[in-house]
There are 2 protein chains.
Amino acid sequence: MSEESGSADEVFGFFTEIGIINQLSTAMFAKSLPDGVHPSHFSILNHLARMGDGKTPMRIASAMQVTKNTMTHSLKVLQERGYIDVQPDPEDGRGKRVFLTDAGRAFREEAIAQVSEQFRHVIGGDQLTIMRRIRGDLELMRKHLDDNR
Amino acid sequence: MSEESGSADEVFGFFTEIGIINQLSTAMFAKSLPDGVHPSHFSILNHLARMGDGKTPMRIASAMQVTKNTMTHSLKVLQERGYIDVQPDPEDGRGKRVFLTDAGRAFREEAIAQVSEQFRHVIGGDQLTIMRRIRGDLELMRKHLDDNR
DNA sequence: CTTGACTGGTTCGATATCGTACTAGATAGT
DNA sequence: ACTATCTAGTACGATATCGAACCAGTCAAG
């Protein structure tokens, strides 16, 4: 193998490792969420709670790294469950604004409690140490990929 | 916030970062694959080429971290495309064995070339350095999650 | 042997996601 | 002011994935 395919193997192996960790953590996450609520739905609520609501669907889609189609679908689900309130954007006739309802905020709090409980059994001191150690590098990698996609 | 929710935030942020990297790399990967071939399909071919074919669907499913339902579906796609050959397991009346065809091997080679080409433009020396630096920690984390799910 | 528990694989229904195409409103160029 | 281009959101079809239910073959306990 040439040095190019050697690094290709390295790159592929790296992203494979990332993929497996993502899948295992997402599955664990999904299991600790109440029935029928997908991790991506929770992420939207979490984003709105942390960064402030009243954002447009497109802004949320960009932040969540999904297409606007997916966001339309996810918001419909959250709206049906009464966790968000979607209103027309007063400043842009095309746009909408997404607001958290009290039920949405309550649900998020509850979900965080359940997820924390679940993860407390799996994530120990060693794991936290690893997370803190490589977090910066992960952010660098993410930013680079994001800028060069 | 208490120290527990503090570490919950840390954990959540870490896995979010992992998820975004996974999504960006998968999307990039998918774009550099020929029409209609999903990254997961390629991964199966790659696994069979690297680890040797003749494995059962269940073994492949475990290695790929997907359910057997998904494997049934993926194998059907690969078979329709003529990339694999599925035969009954002579040692187990329930089981099957999956073999790569010449077309499957050729397709894998070609895909690797295309993917390498694509990634060469995005993954530079800095990124390789990061990958090498955190690869060991990622493997530790993956193993831990895998053992404790 | 025979029966009960387990395992490999398939089928079915549900869902999250994406790509393409479309509509309606906004914005820039002339 | 008009037109062309761009953008926000939706609709539709396709697909990957999962969970639950199911069938058929294996295996162990008596």
Side-chain angles (χ1 to χ4, degrees), chain A residues 19-20 22-45 54-81 84-98 149, chain B residues 19-20 22-45 54-81 84-98 149:
Chain A
I20 295 179
N22 178 61
Q23 209 214 338
L24 292 173
S25 64
T26 303
M28 198 180 316
F29 190 12
K31 246 190 296 186
S32 63
L33 281 175
D35 71 317
V37 180
H38 198 267
S40 60
H41 300 155
F42 172 81
S43 288
I44 295 172
L45 296 180
K55 297 194 187 307
T56 71
M58 268 307 292
R59 279 185 59 89
I60 306 173
S62 300
M64 302 282 103
Q65 305 278 359
V66 298
T67 64
K68 52 186 182 174
N69 317 312
T70 302
M71 192 47 55
T72 298
H73 176 253
S74 299
L75 292 179
K76 201 186 304 176
V77 173
L78 289 172
Q79 197 175 22
E80 280 165 4
R81 284 178 174 267
I84 59 170
D85 190 25
V86 181
Q87 297 171 4
D89 187 335
E91 297 174 6
D92 187 334
R94 303 164 298 179
K96 301 203 169 173
R97 301 271 185 160
V98 182
R149 66 178 138 157
Chain B
I20 294 178
N22 177 61
Q23 209 215 338
L24 292 173
S25 64
T26 303
M28 199 180 317
F29 190 14
K31 243 189 296 184
S32 63
L33 281 175
D35 70 317
V37 180
H38 198 267
S40 60
H41 300 155
F42 172 81
S43 288
I44 294 172
L45 297 180
K55 297 194 185 309
T56 70
M58 269 306 293
R59 279 185 60 88
I60 305 173
S62 300
M64 301 283 103
Q65 306 276 2
V66 298
T67 64
K68 51 187 183 173
N69 320 315
T70 302
M71 191 48 55
T72 297
H73 175 253
S74 298
L75 292 179
K76 201 186 303 176
V77 173
L78 289 172
Q79 199 175 21
E80 280 165 3
R81 285 179 172 267
I84 59 171
D85 190 25
V86 182
Q87 298 170 2
D89 187 336
E91 295 174 6
D92 188 334
R94 301 164 299 181
K96 302 202 168 173
R97 301 273 185 158
V98 183
R149 67 179 139 158

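All values reported here derive from a predicted model rather than from experimental measurement. A note on names: the letters A, B, ... follow the listed sequences, proteins ahead of strands, and every chain is numbered from 1.
The nearest pair of heavy atoms linking I84(A) to V86(A) is CD1-CG2, 3.9 Å.
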For residues 69-77 of chain A, which side-chain N or O atoms pair as donor and acceptor with protein atoms under 3.5 Å away, sequence neighbours left out?
residue : atom : partner : partner atom : Å
T70(A)  : OG1  : T67(A)  : OG1          : 3.2
T72(A)  : OG1  : K68(A)  : O            : 3.0
S74(A)  : OG   : T70(A)  : O            : 3.1

With a cut-off of 3.5 Å and sequence neighbours excluded, list every side-chain donor-acceptor pair involving residues 56-65 of chain A.
residue : atom : partner : partner atom : Å
T56(A)  : OG1  : R59(A)  : N            : 3.2
S62(A)  : OG   : M58(A)  : O            : 3.1
Q65(A)  : NE2  : D146(A) : OD2          : 3.2

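Residues satisfying the side-chain hydrogen bond (donor to acceptor under 3.5 Å, both in side chains) test with S40(B), not counting sequence neighbours, are H38(B).
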Sugar-phosphate or base contact per nucleotide [nucleotides 8-18 of chain C; S, B, -; heavy atom under 4.0 Å]: BBBB----SBB
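dT27(C) atom C1' lies 16 Å from atom CD of E91(A), rounded to whole Å. Between Q87(A) atom CD and dG9(D) atom P there is a gap of 14 Å when expressed in whole angstrom units.
For residues 84-95 of chain A, every residue pair satisfying the salt bridge (charged side-chain N to carboxylate O under 4.0 Å, His left out) rule, not counting sequence neighbours, is listed here: D89(A)-R97(A), E91(A)-R97(A), D92(A)-R94(A).
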